Amino acid sequence: MIGYDLSDFNFECGRRIAELRRDAGYSSQEKLAEAIGVSKPTITKIETGNVITERNFNKIVALLQCTPEYILTGKEETSEEEKLYEDWFSGLSLEKKKWYFNIFKQMEQYPLG
């Protein structure tokens, strides 16, 4: 994996790792520690948002089968289609964004499916 900016790693990131650990069937920090080859105190530091190395971050992402974006932001990776829309809307003026927003709000009363 390419490096990620881990300077914003915090308690929320650690909380997401703990949640992913439990969801993946690693009932304890010790089990996750064994799986990635670190000590339990290292996992405790990670899950409390204190510190994480890029190496351990990449191991956890691979083992827990999640995206780095989810751990760091709580959001899943944006699809190419979503990026296209974001790029298109980001180029609009605030006035145009408001105009489209109002149209979309009116359209909500007419479900597509």
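Not measured: the values here are computed from a predicted model. Just so you know, these numbers use all the heavy atoms, side chains as well, and skip hydrogens, waters and symmetry mates. Sequence positions, counted from 1, serve as the residue numbers for this chain.
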* Sequence neighbours excluded, every pair satisfying salt bridge (charged side-chain N to carboxylate O under 4.0 Å, His left out) that has a member inside residues 90-107 ->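 Every pair satisfying salt bridge (charged side-chain N to carboxylate O under 4.0 Å, His left out) with a residue in residues 90-107: Lys105-Glu108.
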* To do: Determine, for Glu12 against Arg15, whether the closest basic-nitrogen to carboxylate-oxygen distance falls under 4.0 angstrom.
  =>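 Looking at Arg15 together with Glu12, the answer is yes, because their closest N to O distance falls below 4.0 Å.
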How long is the span from the [atom1] atom in [X] to the [atom2] atom in [Y], to the nearest 0.5 Å?
{"X": "Arg16", "Y": "Cys66", "atom1": "CZ", "atom2": "SG", "answer": "10.5 Å"}
{"X": "Ile17", "Y": "Gln29", "atom1": "CD1", "atom2": "CD", "answer": "11.0 Å"}
{"X": "Ile36", "Y": "Thr42", "atom1": "CD1", "atom2": "OG1", "answer": "8.0 Å"}
{"X": "Phe101", "Y": "Gln106", "atom1": "CZ", "atom2": "CD", "answer": "11.0 Å"}
{"X": "Ile60", "Y": "Leu20", "atom1": "CD1", "atom2": "CG", "answer": "9.5 Å"}
{"X": "Thr44", "Y": "Glu30", "atom1": "OG1", "atom2": "CD", "answer": "7.5 Å"}

Over all atoms of both residues, closest heavy-atom pair of [X] and [Y]:
{"X": "Thr67", "Y": "Val61", "value": "C-CG1, 4.4 Å"}
{"X": "Ala35", "Y": "Tyr26", "value": "CB-CE2, 3.8 Å"}
{"X": "Val51", "Y": "Ile46", "value": "O-CG1, 3.4 Å"}
{"X": "Tyr70", "Y": "Glu19", "value": "OH-OE2, 3.8 Å"}

* Asked: According to a 4.5 Å side-chain heavy-atom criterion applied to Ile, Leu, Val, Met, Phe, Trp and Tyr, with indirect links allowed, do Phe104 and Leu94 form part of one hydrophobic cluster?
  ->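 No, it is not one cluster - the side chains of Phe104 and Leu94 are not joined through contacts under 4.5 Å.
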* Evaluate the side-chain contact (heavy atoms from CB on, under 4.5 Å) criterion for residues Phe11 and Asn50: first the C-alpha distance (whole Å), next the side-chain angles of each, then the deciding distance (0.1 Å), finally the verdict. => CA-CA 7 Å; Phe11 176 77; Asn50 288 321; over 6 Å; no
* Asked: Side chains of Phe57 and Leu72: closer than 4.5 Å at any heavy-atom pair?
  ->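 Answer yes - side chains close enough.
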* **Ile43 vs Asn56, side-chain contact (heavy atoms from CB on, under 4.5 Å): CA-CA, chis, key distance, verdict** => CA-CA 9 Å; Ile43 298 300; Asn56 289 340; over 6 Å; no
* Do you know which of Lys40, Lys59, Glu47 makes side chain to side chain contact (heavy atoms under 4.5 Å, CB included) with Leu32? ->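 It is Glu47, the one option of Lys40, Lys59, Glu47 that forms the side chain to side chain contact (heavy atoms under 4.5 Å, CB included) with Leu32.
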